[in-house]
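Each remark here refers to the structure printed beneath this line.
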Number of protein chains: 2
Amino acid sequence: MDPMTSSALHTPRGPVTRKDVARYAGVSTAVVSYVVNGGPKRVAPATEAKVQDAIRVLGYRPNAAARALKLGSSETLGLIVPDNSNPFFSLLAHAVEDAAADLGYALVLTNSDGNLAKERRNIRNLAARQVDGVLLASVLFEPDLDDLEKADIPSVLMNHGREAAGFNSIGVDLAAGARIAVEHLIGHGHTRIGLAMGTNVSGEVDGRERGWLEALRDAGVPEGQIVHGEFTRPGGHLAGQRLIASANRPTAIFASSDMQAIGILRAVREAGLTVPGDIALASFDGSVESEYSWPALTTVEQPVRAMAEAAVAALVGAGRGEPAQHRIFPTQLRVRQSCGCP
Amino acid sequence: MDPMTSSALHTPRGPVTRKDVARYAGVSTAVVSYVVNGGPKRVAPATEAKVQDAIRVLGYRPNAAARALKLGSSETLGLIVPDNSNPFFSLLAHAVEDAAADLGYALVLTNSDGNLAKERRNIRNLAARQVDGVLLASVLFEPDLDDLEKADIPSVLMNHGREAAGFNSIGVDLAAGARIAVEHLIGHGHTRIGLAMGTNVSGEVDGRERGWLEALRDAGVPEGQIVHGEFTRPGGHLAGQRLIASANRPTAIFASSDMQAIGILRAVREAGLTVPGDIALASFDGSVESEYSWPALTTVEQPVRAMAEAAVAALVGAGRGEPAQHRIFPTQLRVRQSCGCP
DNA sequence: TTGAAAGCGCTAACAA
DNA sequence: TTGTTAGCGCTTTCAA
């Protein structure tokens with residue numbers, strides 16, 4: 001049979017459906033389903049060949065919406081980040097997309113732009129779209145779990161520091177990471193170590209601040225100065241300027257994110273000073289950008305890939321259905337030049 | 001009526017559907033639809049209030065899959081990029097997400113990781129998911145349009161240099177942008193201007209190479225050296241090393257992307273040279289990172305936001321249904337310090 | 001202004 | 001091994 005003719009005959013209008021395939025192959029729609037999905041019933045080889053042929057000739061593509069409706073699953077995951085142009089989150093998004101794709105899931109990406117209202121809208125929107133799970137990197141340290149709870153969708157809190165009853169969450173040990181970085185700075189002989197923190201909305205003290213403080217105390221080093229700013233390059237720039245202008249200018253700074261450190265680098269140069277000569281610097285995250293700055297940043301690296309995989313697994317992989325848990329991943333100090341190491 | 005009781009009464013099993021709402025409100029399912037969608041029929045205010053109430057009490061959320069099946073539209077767009085952790089593409093993704101969200105569309109993000117097979121798989125996957133349009137930033141300069149054509153989905157080629165018959169495409173005038181940057185370098189008195197190009201798979205000469213060459217010729221400056229490398233920091237690093245090691249070392253380099261320039265910056269420093277003192281540098285893209293490097297990069301900025309909006313509009317906005325066209329956006333030279341300007 | 005009902009494409013239970 | 005068919009939740013035409 002001439003494929004062209006048949007195709008014209010069988011797909012006069014609109015897209016090809018399972019029915020068209022069935023008719024062309026001379027079988028029932030059920031058999032087409034069995035072939036397409038590899039089950040749940042077996043199909044005779046000859047029949048399968050006919051069906052495969054029909055699919056190819058007609059250019060049939062299953063309708064995912066219909067499947068989602070029937071199955072109650074869209075095979076889609078939702079990711080909510082404050083800003084996916086921030087290198088940390090863009091890496092996270094990439095890793096999550098990879099992990100999801102490995103399991104046959106697509107990823108819907110949404111940005112909250114540091115805006116809580118938008119974050120909540122995103123949660124509701126994803127819920128309405130029947131995503132099978134959402135990964136939330138909240139703009140808040142303590143996200144509004146109400147929305148997520150009401151959405152009634154498997155979820156995991158990313159980039160999250162502490163236990164949240166009834167929720168999966170994934171994060172790194174901020175305090176331990178900060179501590180090791182600050183200890184490294186202390187090892188270089190510094191005794192005036194400032195801290196550039198993020199803007200912490202929660203009532204609780206951020207782990208990085210705790211780690212910084214503990215390292216200082218344990219070493220008998222006087223408590224340094226704290227400046228708060230956004231987790232961005234401009235935020236770090238501002239924080240750096242403030243730290244540099246302060247009466248008792250620190251000889252070292254620990255920044256709570258690489259982006260801030262990049263901004264601090266600029267502030268130091270603008271002040272006619274150098275890193276690490278005048279001010280040593282260490283930061284948090286381990287983004288690629290930290291490797292190519294000048295000088296290269298000594299930074300506490302987060303295992304983004306592993307965290308993304310764990311998150312996806314908890315939602316739709318091996319960990320699905322298991323009780324919610326808080327998973328903490330280890331960080332690793334990447335020693336480069338900004339701290340004063342050669 | 002006690003909401004708790006009613007809720008318990010009306011949602012004994014599973015998620016709340018439109019039927020539950022109709023029963024609770026004492027109306028038909030059609031009316032619920034009218035209320036939820038604001039049409040196509042008008043509903044009496046009193047009835048509407050009852051329905052709204054029922055929706056709130058029962059916590060009803062419309063099922064997007066069912067809607068998509070009925071309407072033949074998932075109100076979803078697909079974006080395919082080579083690598084969304086590349087700052088240029090992460091910015092593009094963010095801008096596209098914003099533009100799509102404004103029109104009520106969600107964005108499915110996929111990475112091809114520089115892999116053509118994966119790109120094609122992504123196209124097919126998005127097509128199966130009934131996305132209403134796909135934005136393709138191909139790993140190739142001349143993408144395989146067959147796949148896209150077969151998918152039979154509205155699409156637009158992003159980051160695309162030339163006309164492709166029957167396809168929407170959006171890009172920037174690469175040659176003009178390169179030209180203005182190289183002219184600027186020439187204005188600084190340079191006569192040995194190298195070019196760090198990307199890896200061009202197409203047979204055609206990349207616009208940036210053409211612009212570079214034309215600027216040189218028009219100014220009567222001898223043709224410089226070309227080195228090819230990946231559009232990444234390490235790719236630029238390598239390209240920089242090669243350019244620096246060459247017999248007739250250039251005094252200025254034009255890089256075809258910011259990421260390459262960042263890598264070149266590192267190569268120059270490692271060689272004990274400085275930018276712009278020993279080697280002046282200008283690049284292409286205008287990513288945020290270029291503003292915070294040291295020295296800050298003089299770069300040809302692409303209007304990413306505008307391009308993203310135009311792409312989304314062509315797919316599901318005002319431009320939907322219009323004949324396919326190739327849209328070229330203007331670039332702008334951001335003069336900073338890497339070129340030698342103060 | 002409201003309601004009844006058909007049907008979007010698919011899966012899978014059940015029947016043959 | 002294959003076929004028939006109900007029904008997933010929604011939109012909308014047509015009738016009341």
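As the structure is a computational prediction, the values presented were derived from the model and not from experiment. Chain naming here is simple, since letters A, B, ... match the order of the sequence lines and numbering starts at 1 in each.
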Report yes if a side-chain nitrogen or oxygen of [X] is closer than 4.0 Å to either non-bridging phosphate oxygen (OP1 or OP2) of [N]; otherwise report no.
X: B:Asn63; N: D:dC8; answer: no
X: A:Thr17; N: C:dG9; answer: no
X: A:Ser33; N: C:dT11; answer: yes
X: A:Arg67; N: C:dG9; answer: no

(request) Evaluate the side-chain proximity of A:Asp113 to B:Asp98: yes if any heavy-atom separation is below 4.5 Å, no if none is. (result)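 Yes, side chains in contact.
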(message) With a 4.5 Å cut-off on side-chain heavy atoms, are B:Thr110 and B:Asn125 touching?
(response) no
(request) Report yes or no: does A:Asp20 contribute a side-chain atom to a donor-acceptor pair with the main-chain N or O of A:Thr17 at less than 3.5 Å? (result)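 Here the side-chain-to-backbone pair exists.
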To the nearest Å, how far apart are [X] [atom1] and [N] [atom2]?
X: A:Tyr60; N: C:dG9; atom1: OH; atom2: C1'; result: 7 Å
X: B:Tyr34; N: D:dC10; atom1: OH; atom2: P; result: 15 Å
X: A:Arg18; N: D:dG7; atom1: CZ; atom2: C1'; result: 13 Å
X: B:Leu71; N: D:dG9; atom1: CG; atom2: C1'; result: 12 Å
X: B:Lys50; N: C:dG3; atom1: NZ; atom2: C1'; result: 13 Å
X: A:Arg129; N: D:dG9; atom1: CZ; atom2: P; result: 19 Å
X: B:Lys19; N: D:dC8; atom1: NZ; atom2: P; result: 6 Å

(request) List the atom of B:Leu69, the atom of A:Ala66, and the distance in Å for their closest heavy-atom pair. (result)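 Heavy atoms only, the tightest pair is CD1-CB, 3.6 Å.
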(request) Measure from the side chain of A:Ala44, starting at C-beta and using heavy atoms only, and say which of C:dG9, D:dT1, C:dA4 lies closest. (result)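 Selected nucleotide (nearest to the side chain): D:dT1.
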(message) Can you tell me which nucleotide in C:dC10, D:dT1, D:dG9 comes closest to the side chain of A:Leu69?
(response)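 Looking only at heavy atoms from C-beta outward on A:Leu69, the closest nucleotide is D:dG9.
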(message) Between the base of C:dG7 and the side chain of B:Lys70, is there a donor and acceptor pair under 3.5 angstrom?
(response) yes
(message) Is there, by distance only and without an angle test, a donor paired with an acceptor across the side chain of B:Arg42 and the base of C:dT2 below 3.5 Å?
(response)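 It does not, because no donor-acceptor pair links the side chain of B:Arg42 to the base of C:dT2 below 3.5 Å.
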(message) Nearest 0.5 Å, please: how far is CG in B:Leu79 from CG in A:Leu109?
(response)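 It is 9.0 Å, given to the nearest 0.5 Å.
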(message) Once you apply a heavy-atom cut-off of 4.0 Å, does A:Thr29 come out as touching a base, just sugar-phosphate, or nothing?
(response)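 Result for A:Thr29 = base.
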(message) Considering every strand and a 4.0 Å limit on heavy-atom distances, what is the contact class for A:Val32: base, sugar-phosphate, or nothing?
(response)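 Result for A:Val32 = nothing.
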(request) Name the residue closer to the 5' end of DNA chain C, choosing between B:Ala66 and B:Glu48 according to the nucleotide with the nearest heavy atom. (result)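 Its nucleotide being nearer the 5' end, the pick is B:Glu48.
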(request) For A:Ala30 and for B:Val43, find the nucleotide of DNA chain C with the closest heavy atom, then tell me which residue's nucleotide is more 5'. (result) B:Val43
